[in-house]
Amino acid sequence: MSNPFIFWWAMLFKLPSAVFWRLKIKHLSLEKCVVTIPYFWRSQNPFKSIYFAAMAGAAELSTGALCQVGMAGKGSFSMLVVDFRAEYHKKANQKITFTCNQGRELENLVDELKPGESNTITMISTGTNPEGEMVARFLVTWSIKKRI
């Protein structure tokens, strides 16, 4: 996912809106994921800010990519968003960076799951502008099930 070319092709077939909005994974490790969304004509609304759905997509990607990395090599899993909440604090009229740093918490949950069991985790993705001010905060609750 860190390779821009591979990411672009994967998103084109699995999540085309990420390509349309030009989402980019800037950092991805076991600890955290950082995703950016630019402010330009495809991501903006009529009020000259980034459309809420585009920010939600970037926030979900930052948590979902972290889930994918946390489950890699540990068996077969299914995952599903079961709750999604958003808080908007400031107008998003610049490039926004979404960061989720709950990788270790997720890793513990995944490691404790037994085949056939499921559990949920609420992951927080915080969106900041280039000045470091919080623009939005998204709480994405994932249900993760270890397949038998």
Discussion item. Same cluster or not: V135 versus F40, using hydrophobic residues (I, L, V, M, F, W, Y) connected whenever any side-chain heavy atoms lie under 4.5 Å apart?
Written reply: no
Worksheet item: Can you hop from W21 to L15 via hydrophobic side chains spaced under 4.5 Å?
Response: yes
Worksheet item: If two hydrophobic side chains count as joined below 4.5 Å and joins carry through other members, does I124 share a cluster with L30?
Response: no
Worksheet entry | Distance, nearest 0.5 Å, that separates CD of E31 from CG of L106 | 11.5 Å
Worksheet item: About how many Å separate NZ of K48 and NZ of K91, when rounded to the nearest 0.5 Å?
Response: 9.0 Å
Worksheet item: Just one of M71, E112, Q102, K74 clears the side-chain contact (heavy atoms from CB on, under 4.5 Å) bar with E107, so which one?
Response: K74
Worksheet item: Got a sec: does the CH2 of W8 have more than 12 other heavy atoms crowding it under 6.0 Å?
Response: yes
Discussion item. I need the E133 CD to I96 CD1 distance, nearest 0.5 Å.
Written reply: 9.5 Å
Worksheet item: Nearest 0.5 Å, what's the CG-CD1 distance between N108 and I121?
Response: 8.5 Å
Worksheet item: Which distance, rounded to the nearest 0.5 Å, do you find between the CD of E60 and the CZ of F98?
Response: 12.0 Å
Worksheet item: Of the non-hydrogen atoms in P38 and R22, which two are nearest, and what is the gap between them?
Response: CD-O, 3.4 Å
Item to complete: Any chance you could lay out the side-chain contact (heavy atoms from CB on, under 4.5 Å) test for M79 and Q68, step after step, and finish with the verdict?
Response: CA-CA 9 Å; M79 53 190 276; Q68 291 289 320; 3.1 Å; yes
Response to the item:
Correct closest heavy-atom pair for S143 and V82 would be CB-CG1, 3.7 Å
Worksheet item: Which pair of heavy atoms, one from L109 and one from I144, lies closest together, and at what distance?
Response: CD2-CD1, 4.2 Å
Response to the item:
Looking only at heavy atoms, the pair that brings Y88 and A136 closest together is CD2-CB, 4.0 Å
Worksheet item: Do N45 and I50 come close enough that some side-chain heavy atom pair is under 4.5 Å?
Response: no
Discussion item. Looking at every heavy atom in both K24 and F7, which two are closest together, and how far apart are they?
Written reply: CA-CE2, 4.4 Å
Practice prompt. Using only heavy-atom distances, determine whether the side chains of T122 and T141 contain a donor-acceptor pair under 3.5 Å.
Written response: yes
Discussion item. Measuring only between side-chain heavy atoms, which start at C-beta, is T128 closer than 4.5 Å to T99?
Written reply: no
Worksheet entry | Cluster check L28, V35: I/L/V/M/F/W/Y, side chain < 4.5 angstrom | yes
Worksheet entry | Side-chain donor or acceptor of R42 paired with backbone N/O of F20 under 3.5 Å | yes
Worksheet item: Parallel, tilted or perpendicular for F84 and F138, by the 30°/60° rule?
Response: tilted
Worksheet item: Do any N or O atoms from the side chain of S125 and from the backbone of C100 form a donor-acceptor pair under 3.5 angstrom?
Response: no
Worksheet entry | Cluster check I25, I37: I/L/V/M/F/W/Y, side chain < 4.5 angstrom | yes
Worksheet item: Between K146 and E117, is the closest basic N to carboxylate O distance under 4.0 Å?
Response: no
Response to the item:
Closest non-hydrogen contact found for G103 with L66 is N-CD2, 3.6 Å
Worksheet item: Are any side-chain N or O atoms of Q44 and backbone N or O atoms of Y39, one a donor and one an acceptor, separated by less than 3.5 Å?
Response: no
Worksheet item: How long is the span from the OG1 atom in T97 to the NE2 atom in H27, to the nearest 0.5 Å?
Response: 13.0 Å
